[in-house]
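Heads up: numbering here begins at 1 and tracks the sequence.
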Amino acid sequence: QVQLVESGGGLVQAGGSLRLSCAASGRTFSSDQMGWFRQAPGKEREFVAGVIRSGENTYYADSVKGRFTFYGDNAKNTVYLQMNNLKPEDTAVYYCAAAPKGLVSGVYDYWGQGTQVTVSS
């Protein structure tokens, strides 16, 4: 059974930092098969970061460029999202997801349970 487990969310003041982790079990994924999404209250889920195509640069949503960093540790089957200079508009539930055929397929077969990130002003 494949599981994705996120951790690292919490409450932080604006300008602060958090690092989210997503550990996969039950199947091995490479970093270019996993991505981060977020969903704020009343808004649609949006893609935040991930390697869309193997060998290419990491894609970041415009709203997080320069502040968030996506990276993976294939040996640990884990991906991370380092979030710096957080803003209140970053408040959302953050999800990691896995696409066995790669993010370019747009088909995410596995999702984590989500971790809440709340940024106070």
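- Atom CD of E56 sits in a crowded spot, with more than 12 heavy atoms from other residues, nucleotides or ligands closer than 6.0 Å.
- Between G35 and F47, the shortest heavy-atom distance links the atoms CA-CE1, 4.3 Å.
- Between S31 and Q33, the closest side-chain pair of non-hydrogen atoms is not below 4.5 Å.
- Considering only heavy atoms from C-beta on, T115 stays 4.5 Å or farther from V93 through its side chain.
- To the nearest 0.5 Å, atoms CD (Q3) and CD (Q113) are separated by 9.0 Å.
- Looking at every heavy atom in both residues, L4 comes nearest to C22 through CB-SG, 4.0 Å.
- No donor-acceptor pair closer than 3.5 Å links the side chain of Q13 to the backbone N or O of V119.
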**Prompt:** Does the side-chain contact (heavy atoms from CB on, under 4.5 Å) test come out yes or no for K87 and R67, once each step is laid out?
**Reply:** CA-CA 10 Å; K87 302 177 180 180; R67 301 187 298 119; 3.8 Å; yes
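- Summarising the geometry of L103 relative to A99, their closest heavy-atom pair is N-CB, 4.1 Å, with the distance given to 0.1 Å.
- Using a 4.5 Å heavy-atom cutoff, the side chains of M83 and L20 are in contact.
- With hydrogens and angles left out, the side-chain atoms of S17 and N84 include a donor and acceptor closer than 3.5 Å.
- Between Y80 and Y71, a ring centre-to-centre spacing shorter than 6.0 Å is recorded.
- Smallest separation of non-hydrogen atoms from G102 and S105: O-OG, 2.7 Å.
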**side-chain contact (heavy atoms from CB on, under 4.5 Å) between V12 and T118, worked out** = CA-CA 6 Å; V12 65; T118 303; over 6 Å; no
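- Distance alone, capped at 3.5 Å, is enough to place a donor-acceptor pair between the N77 side chain and the F29 backbone.
- Counting heavy atoms from C-beta outward, M34 and Y110 have side chains that stay 4.5 Å or more apart.
- Side chain of S63 to main chain of A61: no donor-acceptor pair is present (N/O by atom type, distance under 3.5 Å, no hydrogens or angles).
- A cation-pi arrangement is absent between R45 and W36 under the rule of less than 6.0 angstrom and at most 45 degrees off the ring axis.
- When all heavy atoms are compared, the tightest approach of V48 to F68 is CG1-CD2, 3.8 Å.
- For the pair R38 and Y94, the cation-pi criterion (under 6.0 Å, within 45° of the ring axis) is not fulfilled.
- In this structure a side-chain-to-backbone donor-acceptor pair under 3.5 Å is present from E6 to C96.
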**Request:** Apply ring-ring contact (aromatic ring centres under 6.0 Å, His included) to Y59 and F70, showing your working.
**Result:** CA-CA 9 Å; Y59 169 88; F70 169 93; over 10 Å; no
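- Heavy-atom minimum distance, L18 versus L86: N-CD1, 3.8 Å.
- Side-chain atoms of T91 and E89 include no donor-acceptor pair closer than 3.5 Å.
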